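Computed from a prediction, not measured in an experiment: that's the story for all the values here.
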Amino acid sequence: MTTSYIGATLSVSADAPASEDATGYGALSWTEVGRVISIGEFGDQSQDISFDVLKIGRTVHASGPKDIGEVPVVIEYDGADAGQTLVKDNNNTNTSLSFQITDPDGASIYFFGLVANLRYNERTASNYKGQSFVIRGQSALVETTP
């Protein structure tokens with residue numbers, strides 16, 4: 001069965017979980033970020049550690065440290081939205097926030113990270129008042145199923 005992402009939400013908490021698992025994240029108070037247009041792709045990627053083995057004349061690879069990377073988010077601006085305000089207030093501060101992405105089927109992904117590079121959209125006759133920012137992942141992903 002195909003699941004559409006229509007209805008997915010992004011929520012934020014200024015608090016850190018007591019434990020980095022579903023129980024720890026589930027105990028937090030969440031504020032939904034309103035008017036989300038898109039949440040970009042994300043997921044752990046590992047650095048490539050490679051070295052050349054002289055005897056066999058071959059490059060060998062190993063998986064190094066993992067990184068969620070930057071998660072791009074696009075929103076329609078709403079100055080009265082509490083979630084957007086929390087994001088704006090923590091932009092480029094190096095203060096970690098907790099994030100929850102919930103899909104329409106009830107599955108959630110939790111992680112914490114930094115908000116950076118909050119920018120307003122280009123002002124043109126055919127554009128809307130919006131913003132974009134990135135979340136720089138600082139933890140492992142915790143996934144729950146419905």
So [Y] and [X], do their side chains get closer than 4.5 Å, heavy atoms only?
{"X": "F111", "Y": "I135", "value": "yes"}
{"X": "T144", "Y": "Y110", "value": "yes"}
{"X": "D103", "Y": "T3", "value": "no"}
{"X": "T9", "Y": "V36", "value": "no"}
{"X": "F133", "Y": "I75", "value": "yes"}
{"X": "S13", "Y": "F112", "value": "no"}
{"X": "I37", "Y": "Y128", "value": "yes"}

[X], [Y]: one ILVMFWY side-chain cluster at the under-4.5 Å cut-off?
{"X": "W30", "Y": "L86", "result": "no"}
{"X": "Y25", "Y": "I39", "result": "no"}
{"X": "L97", "Y": "I68", "result": "yes"}
{"X": "V71", "Y": "V33", "result": "yes"}
{"X": "L10", "Y": "L28", "result": "no"}

[X] versus [Y], closest heavy-atom pair with distance:
{"X": "L114", "Y": "N94", "value": "CD2-C, 3.5 Å"}
{"X": "E32", "Y": "D81", "value": "O-OD2, 3.9 Å"}
{"X": "D44", "Y": "K66", "value": "OD2-CD, 3.9 Å"}
{"X": "P72", "Y": "E41", "value": "CD-O, 4.2 Å"}
{"X": "S98", "Y": "A16", "value": "OG-CA, 3.8 Å"}
{"X": "P104", "Y": "G7", "value": "CG-C, 4.0 Å"}

For I56, is the CD1 atom crowded, meaning more than 12 foreign heavy atoms sit under 6.0 Å from it?
yes
So does Q45 have more than 12 non-hydrogen atoms from other groups sitting under 6.0 Å from CD?
no
Does [Y] offer a backbone N or O that forms a donor-acceptor pair with the side chain of [X] under 3.5 Å?
{"X": "N91", "Y": "N117", "result": "yes"}
{"X": "D67", "Y": "G69", "result": "yes"}
{"X": "N90", "Y": "V115", "result": "no"}
{"X": "E143", "Y": "A107", "result": "no"}
{"X": "E76", "Y": "R35", "result": "no"}

Test side-chain contact (heavy atoms from CB on, under 4.5 Å) applied to S4 - qualifying residues, sequence neighbours left out
I6
Checking F42 against I101 for the side chain to side chain contact (heavy atoms under 4.5 Å, CB included) test, could you report, in this order, the C-alpha distance in whole Å, the side-chain angles of both residues, the deciding distance, and whether it holds?
CA-CA 11 Å; F42 62 95; I101 298 171; 3.6 Å; yes
Gap between atom CD of Q84 and atom CG of D89 - 0.5 Å precision
11.5 Å
Kindly compute the distance separating OG1 (T31) from CD (Q100), expressed to the nearest 0.5 Å.
11.0 Å
